[in-house]
*Asks:* 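Have a look at this one.
Chain letters run A, B, ... following the sequence lines, proteins first, then strands; residues in each count from 1.
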Amino acid sequence: MRSAGPLATVQDLGRRAWQHMGVPVAGAMDSLALRLANLAAGNPEGAAGIEVTLGGLEAEFLSPARFAVAGPGTGVRLNGTPVPAWECRKARAGDVLRLDAPAAGARDYLAVAGGIAVPPVLGSRSTYLRGGFGGLEGRPLRAGDVLPVGLEVGEPRGPVPPTLRPDYAAGAPLRVVLGPQEEAFPEEALAAFLAGTFRVTPRADRMGCLLDGPRLAHRGGADIVSEGIAEGSVQVPGDGRPILLLADRPTTGGYAKIATVACVDLPRAAQLLPGSEVRFAAVSLWEARELLLWREYAVGRYKEGAG
Amino acid sequence: MAHVPVPVLRPCGDSAVSVELGEGIDLAVNRRVHALGRALAARSHPGIVALSPAYRSLFVEYDPRRCSFEELALLVEEAAQLPDLAAARGAEVEIPVCYGGVLGPDLEEVAAFHGLDPARVAELHAAPVYHVYLVGFTPGFPYLGGLDPRLHTPRRATPRERVAAGSVGIADRQTGIYPIESPGGWQLIGRTPLRLFDLGREPPFLVPAGARLRFLPISREEYDRLAGA
């Protein structure tokens with residue numbers, strides 16, 4: 001690792017089995033991009049890769065390897081030559097891969113054939129920064145780090161079909177399922193949430209992002225008896241400013257949640273940058289699942305090599 | 001015959017459900033939450049990804065590719081009908097605590113707030129068998145119910161930036177233990193030499209949700225001996 005930029009961490013699909021012990025899930029913010037980068041490189045979709053936030057990564061291959069980048073991926077260069085994202089490439093020992101900040105979106109994912117072979121902690125290789133464990137010594141990557149790569153290397157696949165690549169630049173509303181506490185908000189607040197335009201504040205990290213826009217009033221108070229929190233939940237504390245909770249969210253929380261981003265749109269939510277505009281559109285639970293199942297069908301076809 | 005409430009399923013997006021089994025912070029409701037978690041875990045449905053008990057609700061994360069909301073709702077309803085749902089009791093854990101001094105910097109203040117002697121506060125705190133309602137906030141943090149009403153104390157007006165691992169605190173009606181160093185606003189009355197969360201140990205967690213917990217007062221010498229071990 002010659003440089004790691006503002007924040008690069010090792011991530012896989014997260015530490016799901018320990019939420020009942022207060023351990024956050026962590027994992028790739030844009031799990032679809034990590035899965036597709038892995039599949040392109042010939043890895044199992046849950047292999048650990050590098051989540052590169054806002055570019056700035058420069059890494060030298062110490063041995064020959066195949067790799068794939070997925071995500072907005074507009075600033076990828078191998079030895080100075082632009083390299084397309086969403087497809088597997090070969091690197092020789094001594095080659096230098098550079099990821100610059102993407103034109104739209106926040107995070108790119110680098111998968112290396114064999115996967116990043118840091119030791120799993122509680123069943124996952126994901127870095128959990130606040131807890132200081134997982135990934136490489138529980139911390140962000142930095143210049144001088146040498147990352148181990150696994151030996152089990154599968155057959156690479158062809159480029160990820162364009163229909164599977166999210167349009168990170170389009171700015172379409174994030175589709176949400178209302179609830180679990182939509183009745184904690186008066187009609188006007190629900191209407192303002194669905195009609196309004198919000199802006200991502202500088203308080204945006206792997207835990208979540210604070211949104212600025214119409215203030216959302218509560219019917220009674222903002223507090224509920226603490227309960228589990230889903231990825232993509234939009235909680236609204238007493239000040240009426242919604243917080244979109246993402247990969248590093250705490251396992252439980254005590255604020256009313258107005259809506260939850262549908263799984264199919266979590267990859268786009270994970271790419272929001274401070275200053276980005278965000279709007280929400282309600283879908284039914286059944287619509288949300290239908291959209292996800294169609295996408296997963298397409299991922300499955302790509303995985304089987306029919307893509 | 002106790003009234004058995006029908007679970008209320010609140011979808012949290014398309015991959016999780018919060019199953020509510022009652023209102024507020026209530027021991028009987030929380031026992032049912034843990035029992036429902038165990039009953040669902042025993043079914044080991046491949047679509048269920050994670051089960052996390054909270055105070056009055058069980059958070060169920062599922063894989064929408066392998067399980068529909070309707071299928072999950074049926075599973076929950078069946079599991080919730082088990083007659084002995086509230087009967088099962090959790091494990092019992094003993095936590096040695098050295099009260100007061102530098103290890104419990106707020107003991108004097110808590111005692112003054114209630115007009116009690118600090119030793120009496122420690123005695124009242126160590127008397128009950130607590131119930132672990134849930135584990136959350138940081139890895140391994142147990143939220144304990146059963147605090148003597150004479151010790152209910154508001155949180156500190158200004159939270160501390162760093163609370164030492166092992167600190168035992170009080171916040172309103174609750175008491176709990178900080179497993180790792182973290183910020184925190186609870187009133188700190190003592191500290192345990194035990195490590196509640198230790199990745200070098202198998203299992204890394206000492207106190208599971210649903211367990212019963214007792215505090216054992218120990219001297220400073222005993223604390224140092226155990227902490228040094």
*Asks:* Could you tell me which of A:Ala288, A:Pro180, A:Ala17 has the largest number of non-hydrogen atom pairs under 4.5 Å with chain B?
*Replies:* A:Pro180
*Asks:* Do any N or O atoms from the side chain of B:Asp14 and from the backbone of A:Cys263 form a donor-acceptor pair under 3.5 angstrom?
*Replies:* yes
*Asks:* Evaluate the side-chain proximity of B:Val163 to B:Trp186: yes if any heavy-atom separation is below 4.5 Å, no if none is.
*Replies:*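 Side chain of B:Trp186 against side chain of B:Val163, heavy atoms only: no contact under 4.5 Å found.
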*Asks:* Could you tell me how the ring of B:Tyr130 sits relative to the ring of B:His125: parallel (under 30°), tilted (30 to 60°) or perpendicular (over 60°)?
*Replies:* tilted
*Asks:* Let me know if B:Glu70 has heavy atoms under 4.5 Å from chain A in its side chain, its backbone, both or neither.
*Replies:* side chain
*Asks:* Please look at A:Glu227 and chain B and tell me whether the side chain, the backbone, both or neither of the residue comes under 4.5 angstrom of a heavy atom of that chain.
*Replies:* both
*Asks:* What residue, out of A:Gly179, A:Ser226, A:Ala259, A:Pro250, has the most heavy-atom pairs lying under 4.5 Å from chain B?
*Replies:*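 Counting heavy-atom pairs under 4.5 Å, the top option is A:Ser226.
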*Asks:* Quick one: does any side-chain atom of A:Arg16 pair with a main-chain N or O of B:Ala50 as donor and acceptor, under 3.5 Å?
*Replies:*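 The answer is no, because no donor-acceptor pair under 3.5 Å joins these two groups.
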*Asks:* May I ask you to test the B:Ile177-B:Ser167 pair for a side-chain heavy-atom distance under 4.5 Å?
*Replies:*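 With C-beta onward as the side chain, the pair stays apart.
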*Asks:* Does any backbone or side-chain atom of B:Phe197 lie under 4.5 Å from a heavy atom of chain A? Answer side chain, backbone, both or neither.
*Replies:* side chain
*Asks:* Does any heavy atom of chain A fall under 4.5 Å from the side chain of B:Thr138, the backbone, both, or neither of them?
*Replies:* backbone
*Asks:* Give a yes or no on whether the backbone of B:Leu188 and the side-chain of B:Asp106 come within a donor-acceptor separation of less than 3.5 Å.
*Replies:* yes
*Asks:* Which atoms of B:Phe137 come close to chain A, meaning under 4.5 Å heavy atom to heavy atom: side chain ones, backbone ones, both, or neither?
*Replies:* backbone
*Asks:* Does B:Arg173 have more than 12 heavy atoms from other residues, nucleotides or ligands lying within 6.0 Å of its CZ?
*Replies:*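 Atom CZ in B:Arg173 is not crowded, with 12 or fewer foreign heavy atoms closer than 6.0 Å.
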*Asks:* With a 4.5 angstrom heavy-atom cut-off, could you sort out which part of B:Ser182 is near chain A: side chain, backbone, both or neither?
*Replies:* neither
*Asks:* Most heavy-atom pairs under 4.5 angstrom with chain A, which of B:Pro204, B:Pro142, B:Gly136?
*Replies:* B:Gly136
*Asks:* Just give me the residue among B:Phe205, B:Tyr133, B:Tyr55 that pairs up with chain A most often, heavy atom to heavy atom, under 4.5 Å.
*Replies:* B:Phe205
*Asks:* Measure distances from B:Val207 to the heavy atoms of chain A and classify the residue's part below 4.5 Å as side chain, backbone, both or neither.
*Replies:*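 B:Val207 touches chain A through backbone heavy atoms alone.
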*Asks:* To the nearest 0.5 angstrom, please state how far the OG1 atom of A:Thr163 sits from the CH2 atom of A:Trp294.
*Replies:*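 It comes to 12.0 Å.
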*Asks:* Within the side chain of B:Glu20, is there an N or O that forms a donor-acceptor pair under 3.5 Å with the backbone of B:Arg10?
*Replies:*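 Not a single qualifying donor-acceptor pair exists.
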*Asks:* Tell me, side chain or backbone of B:Leu58 under 4.5 Å from chain A's heavy atoms, or both, or neither?
*Replies:* neither
*Asks:* Contact part of B:Pro208 toward chain A, heavy-atom cut-off under 4.5 Å: side chain, backbone, both or neither?
*Replies:*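 Contact with chain A: backbone and side chain both.
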*Asks:* Checking heavy atoms, do the side chain of A:Thr251, its backbone, both or neither come under 4.5 Å from chain B?
*Replies:* side chain
*Asks:* Under 4.5 Å from any heavy atom of chain B, what part of A:Glu290 do you find: side chain, backbone, both or neither?
*Replies:* neither
*Asks:* I need the residue from B:Ala16, B:Ala209, B:Pro64 with the largest number of non-hydrogen atom pairs under 4.5 Å to chain A.
*Replies:*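 So the answer, after comparing B:Ala16, B:Ala209, B:Pro64, is B:Pro64.
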*Asks:* Tell me, yes or no, whether the heavy-atom count around A:Tyr255 atom OH, taken from other residues, nucleotides or ligands under 6.0 Å, exceeds 12.
*Replies:* no
*Asks:* Does CZ belonging to A:Arg219 count more than 12 external heavy atoms closer than 6.0 Å?
*Replies:* yes
*Asks:* Let me know if A:Leu122 has heavy atoms under 4.5 Å from chain B in its side chain, its backbone, both or neither.
*Replies:*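 Just its side chain gets close to chain B.
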*Asks:* Non-hydrogen atoms of chain A under 4.5 Å away: do they reach the side chain of B:Leu51, the backbone, both or neither?
*Replies:*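 Contact with chain A involves the backbone of B:Leu51 alone.
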